[in-house]
Amino acid sequence: MYDALKKELETYERRTPRSREAHRKAIERVPLGVASNYRYYPPYPLFVKDGRGGHFHDVDGNEYIDHNLCYGALMAGHCHPAVMKAVQHRLEVGTLFGMPHGLELELAEEICARFPVDMVRFGNSGSEVTMHSLRLARAVTGRSKIVKMEGGYHGGHDAISVSVKPKSTEFGDPENPKPVVSSAGVLKGTTDATLVAPFNNLSAMERLFAEYPNEIGAVILEPIMMNIAFCMPDEGYLQGLRRITAHHGALLIFDEVKTGAKLARGGACEYFGVKPDIVTLGKSIGGGFSLAAFAASRKIMDVIATQKMFHAGTYNTNPVVMAAGLATFRGVLTPASYAHIDKIAAKLLTGYRKIVASAGLTAYVDGAGANGALMLYPSRVRNYRDWYHLDEDLWTHYWFAMANRGVIAQPYWWDEQWTLSVAHTEADIDRHLEVFAEIAPALAQAQQERQLVPVHSV
Ligand SMILES: Cc1ncc(COP(=O)(O)O)c(C=O)c1O
């Protein structure tokens, strides 16, 4: 670890003693002291006190501009008034029935008006709906294998807990990546059914279909890979996948848990003009509540309608969350909001690019819709293998230096990206850029000094 980074870590510890103490206590009862492994980072994570709009306070009273926004689940910002009002009303008339109440139809109509789908089933988390989307694809095609992208994350269930962040010692040939189980406890046999492909590589996908004729039921992917920071599909790649899957009788699943609300009104389907067979939604569609959905054509959903495929859940469409979702679709994910996000996103991207250039940092900046990231790479990342080699210390320096100056530039870990909310203002973006301009020369200097030092990798 180099001196400038050490100094930022010392400053972090000096500013956040209550977080350190809260974490010290939490690890006694909660593994890692956090409720999701992603939330832990050394030396300890910030513990939060409250949030409003585009800002939050930690337990030491420090205020931050928030571009973590719960890993991209809060394009609405904290406590959006329309969402709060809808939820408060529901809190007074019953929170849970396990019976239909009509809001499911209203929200399904909103989704079908934006995405190329006819029918919707709801759940509570992205993991849940990607899990059911795979069952749906298997039920419809009668095939058991699925293909996911190397480096792709779709939640915590077994079927997709393969090659999420595989190590170079185990991941094999880049053209034909070896499926690697990503957690202790995942069924070893998972890799028989879950195949792995490199993103942005149509010939590798063709080869998999040739190797397993009539066995692959679905290809699941994020249209923009946002679990390796920010990785755009090459021109024509998604259209190519559409063609290949259709040709081989497999379904194409767009996991739009991240892109669904934040990329455009109709998500990646609209943005790229591609119609997948199944769409999964989560995160920002709930306006801060745990709402998720999977959606498809009437023909596909018929396996559920005819009771051939089972899908259930006690908390599905609980009225509080549905009210939050409806308020989000109608009051937050509006044309005016997308125009605002586009404006501040352009300002942030342009500002970052200018600062990167003037500081002489070897990096680029990419983004679309409400998401984007500083990519500390010499050239565009096209897949997991490109993303894998990063100067982790330099990225850590960036994150803590920004946090110490009141900007959570993105969730911690370099596989994430920033989210902009409707509550962020131009003044927030100005401040974000001011802070980045302040720290960029030190990043560039550290980068130049470390050129001879081998980079780390995850
Ligand atoms: C693309 C994608 N799909 C699915 C999930 C899982 O969603 P959840 O954390 O709500 O289970 C995530 C979570 O980050 C995600 O990024």
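Counting convention: from 1, in listed order, for ligands and their atoms alike. Computation of the quantities below employed the complete heavy-atom set of this structure, encompassing side-chain atoms and omitting hydrogens, waters and symmetry-equivalent molecules.
- A salt bridge is absent between K49 and D58; no separation between the charged side-chain nitrogens and carboxylate oxygens falls under 4.0 Å.
- A salt bridge is defined here as a Lys NZ or Arg NE, NH1 or NH2 lying under 4.0 Å from an Asp or Glu carboxylate O, and K178 with E150 fails to meet this definition.
- Using a 4.5 Å heavy-atom threshold, the side chains of F289 and T328 count as separate.
- In this structure, ligand 1 sits under 4.0 Å from heavy atoms belonging to S125, G126, S127, Y153, H154, G155, E222, N227, D255, V257, K258, K283.
- Using a cut-off of 4.0 Å between Lys/Arg side-chain N and Asp/Glu carboxylate O, D277 and R242 are scored as salt-bridged.
- For W414 and Y398, the distance between ring centers is not under 6.0 angstrom.
- Seen from the ring of Y338, R265 does not count as a face-on cation partner, given the 6.0 Å and 45° thresholds.
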